[in-house]
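In this chain, numbering begins with 1 at the start of the sequence shown.
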Amino acid sequence: MKINQTILQEFILLGFSLYPQVQTFLCVIIFCLYFLTLAGNLAIMSLTWVDRSLHTPMYLFLSALSFSETCYTLTVIPKMLADLLTKSRSISVISCGLQMCFFLGLGGTNCIILTLMGYDRFLAICKPLRYPILMTNVACGQFVASAWVGGFLISLIETAVIFRGSFCRSNLIKHFFCHMRAVVGLSCIDGDLTELIVTVISMSGLLGTFLLIILTYVFILSTVLRIPSAEGKRRAFSTCASHLTVVIIHFGFASIVYLKPETSRGDDTLIAIPYTVITPFLSPIIFSLRNKDMKNAFKKILGKTLTLKI
């Protein structure tokens with residue numbers, strides 16, 4: 001049977017048009033969350049840059065994560081908000097490929113940076129004497145650069161696999177952005193094989209980084225339990241609490257979609273909101289509210305600002 005080989009030039013993002021009764025409500029909520037997400041991440045990056053006491057690997061990793069998450073949200077949310085406000089939801093094939101590449105690349109970068117933050121805590125707690133030698137600011141910068149290279153290397157492979165052929169079926173994407181599973185179904189070539197390949201790659205990256213984090217915390221826990229004083233244990237755990245909370249939220253929400261069975265073909269639009277909107281929103285809140293150094297730096301900057309105004 002011969003398939004219609006009309007080459008598509010653009011896609012239509014159905015997004016929340018399937019839920020017209022809640023579009024205005026969603027637009028207001030998502031805009032507010034996005035604004036707070038940007039404010040939180042910019043605050044973390046600014047404080048880390050201005051306050052010299054935060055020029056340590058732990059906060060440099062945090063600043064790098066904030067920058068990566070800011071870029072991550074920029075790839076999806078502005079387009080989502082524009083589509084909620086207008087009836088034109090078209091996106092060119094090239095723009096779709098770029099959005100997918102950056103979304104996957106930045107998502108992978110976030111996973112690797114979270115893994116590096118776990119490794120940083122492992123060195124600080126399990127090897128405190130060697131920590132200043134092993135984790136310098138220069139090494140931290142090299143690790144962050146490696147995270148970006150690794151994240152985008154995987155992303156380029158996945159995007160190339162998905163866009164290696166043309167698209168000749170319906171141009172309707174049942175999502176609010178170019179989600180890889182939604183786009184794969186429109187390909188002229190064997191969609192099942194392509195989906196299997198990108199799912200295996202995604203699962204490998206997601207589970208690989210998550211298992212590395214779990215491994216670091218196994219070593220951290222075994223070290224902390226050997227600390228004789230209760231205060232020492234409390235201080236050690238407090239340095240990891242924020243990171244562990246974000247890890248659980250980040251990987252938990254991501255696994256909802258990316259570890260979903262291939263045979264499950266339900267609508268991913270609503271369940272994508274947690275990992276595209278809510279996780280980036282919660283991350284800076286958790287890291288800042290549960291961190292004394294960050295709060296002290298904010299109070300210090302705020303005090304100086306008020307003093308200058310007076």
Side-chain angles (χ1 to χ4, degrees), residues 41 44-69 106-154 204-251 283-284 286-298 300:
N41 283 323
I44 289 175
M45 288 186 284
S46 300
L47 289 173
T48 305
W49 178 267
V50 173
D51 195 324
R52 295 188 64 84
S53 65
L54 299 180
H55 290 185
T56 61
M58 176 179 173
Y59 293 106
L60 291 177
F61 279 129
L62 178 55
S63 182
L65 180 66
S66 295
F67 177 73
S68 179
E69 286 199 330
L106 291 162
T109 300
N110 290 343
C111 290
I112 298 173
I113 291 177
L114 284 170
T115 306
L116 292 172
M117 292 174 77
Y119 178 64
D120 174 69
R121 292 300 84 208
F122 161 75
L123 290 179
I125 294 172
C126 301
K127 300 181 183 297
L129 297 179
R130 299 186 62 192
Y131 177 73
I133 300 173
L134 295 173
M135 190 59 76
T136 61
N137 288 351
V138 173
C140 176
Q142 292 171 341
F143 279 132
V144 170
S146 300
W148 279 79
V149 171
F152 274 90
L153 179 61
I154 295 173
S204 300
L206 198 64
L207 287 175
T209 50
F210 181 69
L211 290 175
L212 283 174
I213 293 173
I214 294 300
L215 183 62
T216 59
Y217 273 103
V218 168
F219 286 112
I220 289 172
L221 183 61
S222 64
T223 300
V224 170
L225 291 177
R226 292 198 297 268
I227 298 176
S229 67
E231 177 63 20
K233 291 179 181 178
R234 188 194 65 78
R235 290 181 61 185
F237 277 126
S238 67
T239 63
C240 302
S242 298
H243 175 255
L244 192 55
T245 302
V246 171
V247 165
I248 293 171
I249 293 172
H250 178 89
F251 286 92
S283 182
I286 294 169
F287 276 121
S288 57
L289 291 182
R290 295 183 61 89
N291 191 293
K292 289 183 178 179
D293 293 336
M294 195 63 68
K295 287 189 285 188
N296 290 336
F298 178 74
K300 190 190 303 181

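- Just one of H243, H250, R121 meets the side-chain contact (heavy atoms from CB on, under 4.5 Å) condition when paired with I213; it is H243.
- C111 approaches T115 most closely through the heavy-atom pair O-OG1, 2.8 Å.
- When side chains are defined from C-beta on, F152 counts as touching L106, because their heavy atoms get closer than 4.5 Å.
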Show me the side-chain donor-acceptor pairs of residues 60-69 shorter than 3.5 Å, one per line, residues at least two apart or across chains.
unit_1	atom_1	unit_2	atom_2	d
S66	OG	L62	O	3.1
S68	OG	N110	OD1	2.4
E69	OE1	S283	OG	3.3

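- By the 4.5 Å heavy-atom criterion applied to side chains, L123 and Y119 are counted as neighbours.
- Rounded to the nearest 0.5 angstrom, Y59 OH and F287 CZ are separated by 10.5 Å.
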*Given L215 and F122, is the side chain to side chain contact (heavy atoms under 4.5 Å, CB included) satisfied, shown in steps?*
CA-CA 10 Å; L215 183 62; F122 161 75; over 6 Å; no
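- Taken to the nearest 0.5 Å, the OG atom of S204 stands 10.5 Å off from the CG atom of L211.
- At a threshold of 4.5 Å between non-hydrogen side-chain atoms, the residues L114 and F210 do not count as touching.
- Around CZ of F219, the count of heavy atoms belonging to other residues, nucleotides or ligands within 6.0 Å does not exceed 12.
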Quiz: residues 125-145 side-chain donor-acceptor pairs under 3.5 angstrom, not counting sequence neighbours:
unit_1	atom_1	unit_2	atom_2	d
Y131	OH	D120	OD1	2.6
T136	OG1	A139	N	3.1
N137	ND2	H55	O	3.4

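- One finds the CG atom of L244 at 9.0 Å from the CD1 atom of I220 (value rounded to the nearest 0.5 Å).
- Taken from CG in L116 to CG in L212, the straight-line distance is 9.5 Å, to the nearest 0.5 Å.
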